[in-house]
2 protein chains.
Amino acid sequence: MREEKFRRTPQRLAIMKFLEGNSSHPSAEEVYFGLKRQFPTLSLATVYHTLEALERMGKIVEINVDSTKKRYDPAVGAHHHLICIRCKKIIDLPEKFHPVLNEEERKGFRILRSQVEFYGLCPQCQSRRSPAQKN
Amino acid sequence: MREEKFRRTPQRLAIMKFLEGNSSHPSAEEVYFGLKRQFPTLSLATVYHTLEALERMGKIVEINVDSTKKRYDPAVGAHHHLICIRCKKIIDLPEKFHPVLNEEERKGFRILRSQVEFYGLCPQCQSRRSPAQKN
DNA sequence: GTTACTGCAAAGCTTTTGCATCCCT
DNA sequence: AGGGATGCAAAAGCTTTGCAGTAAC
């Protein structure tokens, strides 16, 4: 139950600033390349360590949508997602639905949060024959 | 738009039988070890190839919940999930909610399906101090 | 007889880890 | 001064791919 120590190093401040208000749901690699220019010594290992720490502190949440890589969302409040199954673009939707399970449906689980996900094709991917981007 | 050729080999029939009605949402490795005993020559590569083919044919769907590995669901119809954030157990819930987005909320997407996910702790993980299982 | 499938090994990616050095507090 | 953080390289997982042999159709 001990509080976590968290040093505000230049790298971490840069990562936090990069994520703040960022709605692109970036992966670790995207955070890394997004900061690499202004921060040439930054290492991917540090990005991974920092993302993990921020997640433990509840500042960001991991999103499981792209099975090839983890993505992170700085919006930790309840909201929903609109996901393109092709390019893996993720768009935030305001919390509009509040699904609830009754006692029986809960199967003994302690529910912590719920989320609605809409899967489909974004405008760009609807009018595109070419193979999906790697994103 | 050409039809996919699909040969019904013994390996594939075994994998399909293993998945049929299976609600454990297995990973490729779980399918592999689940059949390895009765099918000693089966290879993991074949399991991966077959799962990919079954997915292309719409017989199974990939579930993105466990960020460390892909998992598959033979229930392709609309339904929801109850997910333990600790042991990554996934329980199917009947389709009870039918969230819909209006024109404006759709942001130009063509919606194909939606899904509600409930995250929480399963009965076993509520009463357990030890670190989460690898599942 | 074709051609898709199998299985092995190797390669590819993302993520994690060991460790010496560094530097925030 | 002390302990957490950094960054490099190596390792670990999961998944994909190349290829020769095999078998379904």
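Just so it is clear, the structure is predicted and the values come from calculations on it, not from any experiment. A, B, ... follow the sequence lines: proteins, then strands. Residue 1 opens every chain.
D:dA5 atom C1' lies 14 Å from atom CG of A:Leu51, rounded to whole Å.
Residues forming a side chain to side chain contact (heavy atoms under 4.5 Å, CB included) with B:His49 (at least two apart in sequence, or on another chain): none. Under the salt bridge (charged side-chain N to carboxylate O under 4.0 Å, His left out) criterion, A:Arg12 pairs with no residue, sequence neighbours left out. Under the side-chain hydrogen bond (donor to acceptor under 3.5 Å, both in side chains) criterion, B:Ser24 pairs with B:Asn22, not counting sequence neighbours. Remark: B:Arg110 pairs with no residue by the side-chain hydrogen bond (donor to acceptor under 3.5 Å, both in side chains) rule, at least two apart or across chains. In this view, A:Thr46 and A:Ser43 satisfy the side-chain hydrogen bond (donor to acceptor under 3.5 Å, both in side chains) rule, not counting sequence neighbours.
First and last contacts of DNA chain C with chain B, using any nucleotide atom under 4.0 Å from a protein heavy atom and ordered 5' to 3', fall at C:dT3 to C:dC8.
Between A:Thr46 and D:dG7, a side-chain N or O to OP1/OP2 separation shorter than 4.0 Å is present.
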Can you tabulate the close N/O pairs, meaning under 3.5 Å, that link protein atoms to atoms of nucleotides 22-24 of chain D?
from, atom 1, to, atom 2, distance (Å)
D:dA24, N3, B:Arg7, NH1, 3.3

For every nucleotide of nucleotides 15-21 of chain D, 5' to 3': is a protein heavy atom under 4.0 Å from its base (B), only from its sugar-phosphate (S), or from neither (-)? BBB----
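Nearest heavy atoms, A:Pro123 versus B:Lys107: CG-O, 3.6 Å. Contact detail for B:Glu30 and B:Pro26: the closest heavy-atom pair is OE1-CA, 3.1 Å. Nearest heavy-atom pair, B:Val65 versus B:Glu117, reported as atom, atom and distance to 0.1 Å: CG2-OE2, 4.4 Å.
Taking the side chain as every heavy atom from C-beta outward, A:Leu82 and B:Ile111 approach each other to under 4.5 Å.
Heavy-atom nearest nucleotides on DNA chain C were determined for B:Leu42 and for B:Ser67, and the one closer to the 5' end corresponds to B:Leu42.
Under a 4.5 Å side-chain heavy-atom criterion applied to ILVMFWY residues, the cluster that includes B:Ile15 comprises B:Phe6, B:Met16, B:Phe18, B:Leu19, B:Val31, B:Tyr32, B:Phe33, B:Leu35, B:Phe39, B:Leu42, B:Leu44, B:Val47, B:Tyr48, B:Leu51, B:Leu54, B:Met57, B:Ile60, B:Tyr72 as well. Residue B:Leu13 belongs to no hydrophobic cluster, having no ILVMFWY side-chain heavy atom closer than 4.5 Å to its own.
For residues 78-123 of chain A, the pairs satisfying ring-ring contact (aromatic ring centres under 6.0 Å, His included) are A:His25-A:His81, A:His79-A:His81, A:His80-A:Phe97, A:Phe97-A:Phe118, with sequence neighbours left out.
For DNA chain C, none of the residues of residues 53-63 of chain B falls under the heavy-atom distance limit of 4.0 Å.
No donor-acceptor contact under 3.5 angstrom links the side chains of A:Thr50 and A:Gln11, judged on distance only.
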